[in-house]
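All values below were derived from every heavy atom in this structure, side-chain atoms included, with hydrogens, water molecules and symmetry-related copies excluded. If you read the sequence from its start, that first residue is 1, and numbering goes on from there.
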Amino acid sequence: VVMSAQIKANSQVTMHFAIRLNDGTEVDSNFDAKPGSFRMGDGSVLEGFEQTLLGLVVGDHKKIQVPPESGFGMPNPANVQEFGRDQFAPDTELVPGLVISFSDAANTELPGVISKVEEDLVLVDFNHPLAGETLEFEVKILDVVNDDE
């Protein structure tokens, strides 16, 4: 009897996945596309999601609740920053919910969401849009390769 390979810390995993909000809104999915393949621990999948895959085998199809602590974290008030209205182009229509790309000191692109606009001040939220959300992680494991087997 050949046992299906179990997902371990360094497994190469090929799977379909979907991430949904509590209300069922789909954030991301590849069920209708080519499956994704990654190596556990390579950083391409959030560690909190990776941990839920350990021990699964080919053919497993599961829905897993991932709390914010294991997902995108909780919103950090320090990640909401004030900017002067004059720091934006005069023709930029600043409205709450607008996503603007900023460059940090290392010239890394950082998306920020306008959370509040006052006469001279603009509040920008740099928290991940999914921070604070409990997410449903649906996975269907298609292939697992372990180097040591």
Side-chain angles (χ1 to χ4, degrees), residues 1-83 87-89 92-117 122-149:
V1 178
V2 174
M3 291 293 292
S4 271
Q6 273 197 336
I7 296 178
K8 300 182 204 167
N10 66 345
S11 300
Q12 183 76 28
V13 180
T14 303
M15 67 181 190
H16 280 302
F17 77 93
I19 298 172
R20 296 183 192 87
L21 302 179
N22 263 344
D23 66 7
T25 303
E26 197 164 88
V27 176
D28 196 5
S29 173
N30 70 2
F31 273 95
D32 296 334
K34 190 172 170 250
S37 187
F38 71 100
R39 182 168 294 279
M40 292 284 285
D42 71 4
S44 63
V45 175
L46 267 180
E47 188 181 351
F49 291 128
E50 271 193 0
Q51 294 304 311
T52 66
L53 300 175
L54 292 170
L56 297 184
V57 297
V58 173
D60 278 351
H61 190 167
K62 294 200 179 318
K63 291 182 177 179
I64 304 150
Q65 293 294 315
V66 178
E69 300 75 28
S70 303
F72 293 95
M74 295 303 285
N76 180 347
N79 291 341
V80 178
Q81 300 187 5
E82 283 186 2
F83 290 86
Q87 291 181 262
F88 298 89
T92 305
E93 190 183 342
L94 297 173
V95 291
L98 178 69
V99 178
I100 294 187
S101 191
F102 293 81
S103 292
D104 64 13
N107 257 348
T108 308
E109 288 285 302
L110 198 62
V113 179
I114 306 243
S115 57
K116 190 173 181 186
V117 180
V122 180
L123 289 182
V124 181
D125 187 345
F126 290 100
N127 286 296
H128 190 285
L130 298 176
E133 297 280 351
T134 296
L135 302 169
E136 180 187 82
F137 186 45
E138 180 183 357
V139 294
K140 182 169 189 193
I141 307 303
L142 304 176
D143 191 32
V144 177
V145 177
N146 290 314
D147 298 335
D148 56 1
E149 290 177 7

### Task
Quick one: list whatever passes ring pair (Phe, Tyr, Trp, His ring centres under 6.0 Å) with Phe17, sequence neighbours left out.
none
Scan the side chains in residues 40-59 for donor-acceptor partners under 3.5 Å anywhere in the protein, sequence neighbours excluded, and list what turns up.
from, atom 1, to, atom 2, distance (Å)
Asp42, OD1, Ser44, N, 2.8
Asp42, OD1, Ser44, OG, 2.7
Asp42, OD2, Arg39, N, 3.3
Asp42, OD2, Ser44, OG, 3.4
Glu50, OE1, Gly41, N, 3.2
Glu50, OE2, Gly41, N, 2.7
Thr52, OG1, Phe49, O, 2.5

### Message
Using a 3.5 Å distance criterion without hydrogens, assess whether the side chain of His16 forms a donor-acceptor pair with backbone atoms of Asn30.
### Response
yes
## Note on the structure
Separation between CG (Asp147) and CG (Asn10), nearest 0.5 Å, reads 5.5 Å
## Note on the structure
Heavy-atom nearest pair, Pro67 first then Thr134, reads CA-OG1, 4.1 Å
### Query
Looking only at heavy atoms, which two atoms of Leu94 and Val122 are closest? And how far apart?
CD1-CG2, 3.6 Å
### Message
I need the minimum non-hydrogen distance between Asn146 and Ala5, along with the two atoms involved.
### Response
ND2-CB, 3.7 Å
#### Entry: Between OG1 on residue Thr92 and CD1 on residue Ile100, distance to nearest 0.5 Å
6.0 Å
### Query
What is the distance from atom CD of Gln65 to atom CD of Glu136, rounded to the nearest 0.5 Å?
5.5 Å
### Query
Nearest heavy-atom pair of Pro96 and Ser115: which atoms, and what distance?
CB-O, 4.0 Å
### Task
May I have all residue pairs that pass salt bridge (Lys or Arg N to Asp or Glu O under 4.0 Å) and include part of residues 28-37, sequence neighbours excluded?
none
### With Lys62 via salt bridge (Lys or Arg N to Asp or Glu O under 4.0 Å) - residues at least two apart
none
### Query
Can you list the residues that meet the side-chain contact (heavy atoms from CB on, under 4.5 Å) rule with Leu21, with sequence neighbours excluded?
Asp23, Thr25, Val27, Leu130, Glu133, Leu135
### Query
Is there a donor-acceptor pair under 3.5 Å between the side chain of Ser29 and the backbone N or O of Phe31?
yes
Atom pairs and distances, side-chain donor-acceptor, residues 70-80, under 3.5 Å, sequence neighbours left out:
from, atom 1, to, atom 2, distance (Å)
Asn76, OD1, Ala78, N, 2.8
Asn79, ND2, Asn127, OD1, 3.0

### Task
State which residues pass side chain to side chain donor-acceptor pair (under 3.5 Å) with Thr14; sequence neighbours excluded, sorted by chain then number.
Ser37
### Summary
Contacts of Glu109 meeting side chain to side chain donor-acceptor pair (under 3.5 Å) (sequence neighbours excluded), chain-then-number -> Ser101, Ser103
### Message
Applying salt bridge (Lys or Arg N to Asp or Glu O under 4.0 Å), can you list everything that pairs with Glu138, at least two apart in sequence or on another chain?
### Response
Arg20
### Query
So, for Val139 and Met15, which heavy atoms are closest and what is the spacing to 0.1 Å?
CG1-SD, 4.0 Å
### Query
side chain to side chain donor-acceptor pair (under 3.5 Å) with Asp143: which residues, sequence neighbours excluded?
none
### Query
Got a sec, which residues hit side-chain contact (heavy atoms from CB on, under 4.5 Å) with Lys116, two or more places apart in sequence or on another chain?
Glu118, Leu123
## Note on the structure
Sorted by chain and residue number, the side-chain contact (heavy atoms from CB on, under 4.5 Å) partners of Ala106 (sequence neighbours excluded) come out as Asp104, Thr108
### Whether over 12 other heavy atoms sit under 6.0 Å from Glu93 CD
no
